[in-house]
Amino acid sequence: MEIKEMVQISASMVKELRERSGAAMMDCKKALVESSGDFDKAIEWLRKKGVASAGKKAQRATSEGLIVGQVSDCGKKAAILEVNCETDFVAKNEEFSALCEKLATIALANKSKSAEELQSAKGEEGTVQEILTASIAKTGENVQIARVEYLELSGDGVIGLYIHKLGGKMGALLELKSDKAPSEKEKATELARELAMHIVSTKPEYLTRDEVPKEVIDEEFRIESSKSDLEKKPAEIREKIVKGRVDKILAEKCFAEQPFVKDPSKTTLEYLESQGKELGAKFEPSRFTLFVLGAQ
């Protein structure tokens, strides 16, 4: 039986090997132990294990991928993330889909609020960075976490999640606060999911008009005021027309004022109010997150 020379493996040695190989920290440390501190042998060990090649692959561009998310059983915690890969072929692969769901589970459990936080979080198979490195080695493609958002609701209410079924390229989370616990939690969760679906469909920029920055409103007034069809209008009439047009533009940008996609006769707030009455609670949208693949 071969007896390995006992060599003290320092953190700087592990870091250097990681930079040279692109492999995960734990793999680098193990490789150095196995090779008694010899860097060339350590890299050879990593290559044999299929993880050293991940270094170069991790530099390649990623433009495909999936949006995934999870909501806790209590309905008050949720995570959504964008995971990128290089090709649509891998994005449609069941193994990649399972990897993304695993990452969503870890993000929710660890309350990860950024890609950096999630990469250092631990799952059953090690850190997320180690899981990604193993995936890169297996698929032959670069896999990266582009972004992560975590929501946690305090008090009564629910969080809705919707991921677009065709390709998983878009998804949204919507937080609904309520003045009391709804009479039927499942229906309240479905209500939040319906409105999250609306967000994916219409892609609002703001929750309410109060959130629209003054400079955005001023710019819309400037653009509308300079349109040629108003040149010959009296100033008073021109001012009313411009205000009406800007109001319409802002209504399109704000979730609360948009016609609900499943019932355009009502705005989202009106629909929310009518459904809240059935559930014995008054709901108020408090924040939302919309992820569209590749658009940050």
Can you tell whether the side chains of [X] and [Y] come within less than 4.0 Å, N to carboxylate O?
| X | Y | answer |
| --- | --- | --- |
| Glu190 | Arg193 | yes |
| Glu194 | Lys262 | yes |
| Arg245 | Asp229 | yes |
| Lys138 | Glu95 | yes |
| Lys76 | Glu152 | no |
| Lys30 | Asp27 | no |
| Glu125 | Lys102 | yes |

Could you tell me whether the side chain of [X] and the main chain of [Y] form a donor-acceptor pair under 3.5 Å?
| X | Y | value |
| --- | --- | --- |
| Glu239 | Ala235 | no |
| Asn110 | Ser112 | no |
| Glu82 | Gly294 | yes |
| Glu270 | Thr267 | yes |
| Ser72 | Lys77 | yes |
| Lys169 | Gly65 | yes |
| Ser226 | Arg222 | yes |
| Glu224 | Glu220 | no |
| Thr189 | Lys185 | yes |
| Asp88 | Ala91 | no |

With hydrophobic residues grouped by side-chain heavy-atom distances under 4.5 Å, do [X] and [Y] end up in a single group?
| X | Y | result |
| --- | --- | --- |
| Phe291 | Leu103 | no |
| Leu269 | Val212 | no |
| Val90 | Val68 | yes |
| Leu176 | Phe255 | yes |
| Ile131 | Val83 | yes |

Distance (rounded to the nearest 0.5 Å) between [X] [atom1] and [Y] [atom2]:
| X | Y | atom1 | atom2 | result |
| --- | --- | --- | --- | --- |
| Glu211 | Lys253 | CD | NZ | 13.5 Å |
| Leu174 | Leu207 | CG | CG | 7.5 Å |
| Lys113 | Leu151 | NZ | CG | 9.5 Å |
| Gln129 | Gln119 | CD | CD | 5.0 Å |
| Glu16 | Leu32 | CD | CG | 9.0 Å |
| Glu278 | Glu184 | CD | CD | 9.5 Å |

Worked check of side chain to side chain contact (heavy atoms under 4.5 Å, CB included) between Ser135 and Val143: CA-CA 7 Å; Ser135 175; Val143 178; 3.9 Å; yes

Heavy-atom pair with the smallest gap, counting every atom of [X] and [Y]:
| X | Y | value |
| --- | --- | --- |
| Val261 | Ser201 | CG1-OG, 3.7 Å |
| Arg238 | Glu231 | NH1-O, 4.2 Å |
| Leu17 | Cys28 | CD2-O, 3.4 Å |
| Gly280 | Lys180 | O-CD, 3.1 Å |
| Ala107 | Tyr150 | O-CD1, 4.5 Å |
| Ala281 | Ser178 | CB-CB, 4.2 Å |

Side chains of [X] and [Y]: is there a donor and an acceptor less than 3.5 Å apart?
| X | Y | result |
| --- | --- | --- |
| Glu141 | Thr87 | yes |
| Ser286 | Glu175 | yes |
| Ser265 | Asp263 | yes |
| Gln70 | Thr105 | yes |

Within-4.5 Å side-chain heavy-atom neighbours: [X] and [Y]:
| X | Y | result |
| --- | --- | --- |
| Leu250 | Tyr206 | no |
| Pro204 | Ile199 | yes |
| Lys177 | Leu153 | yes |
| Tyr162 | Leu173 | no |
| Asn142 | Ile136 | yes |
| Val242 | Leu230 | yes |
| Cys100 | Leu66 | yes |

Candidate pair Asn84 and Leu293, rule side chain to side chain contact (heavy atoms under 4.5 Å, CB included), full reasoning: CA-CA 8 Å; Asn84 293 152; Leu293 189 73; 3.6 Å; yes

Over 12 non-hydrogen atoms of neighbours within 6.0 angstrom of [atom1] in [X]:
| X | atom1 | answer |
| --- | --- | --- |
| Met13 | CE | yes |
| Lys203 | NZ | yes |
| Glu215 | CD | yes |

Proximity of Tyr271 and His198 rings by center, below 6.0 Å: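 Not under 6.0 Å, so no.
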
Test side chain to side chain contact (heavy atoms under 4.5 Å, CB included) applied to Ile67 and Ile80, step by step: CA-CA 7 Å; Ile67 306 296; Ile80 189 171; 3.9 Å; yes

Member of Ile106, Leu132, Thr127 meeting the side chain to side chain contact (heavy atoms under 4.5 Å, CB included) criterion with Leu118: Ile106

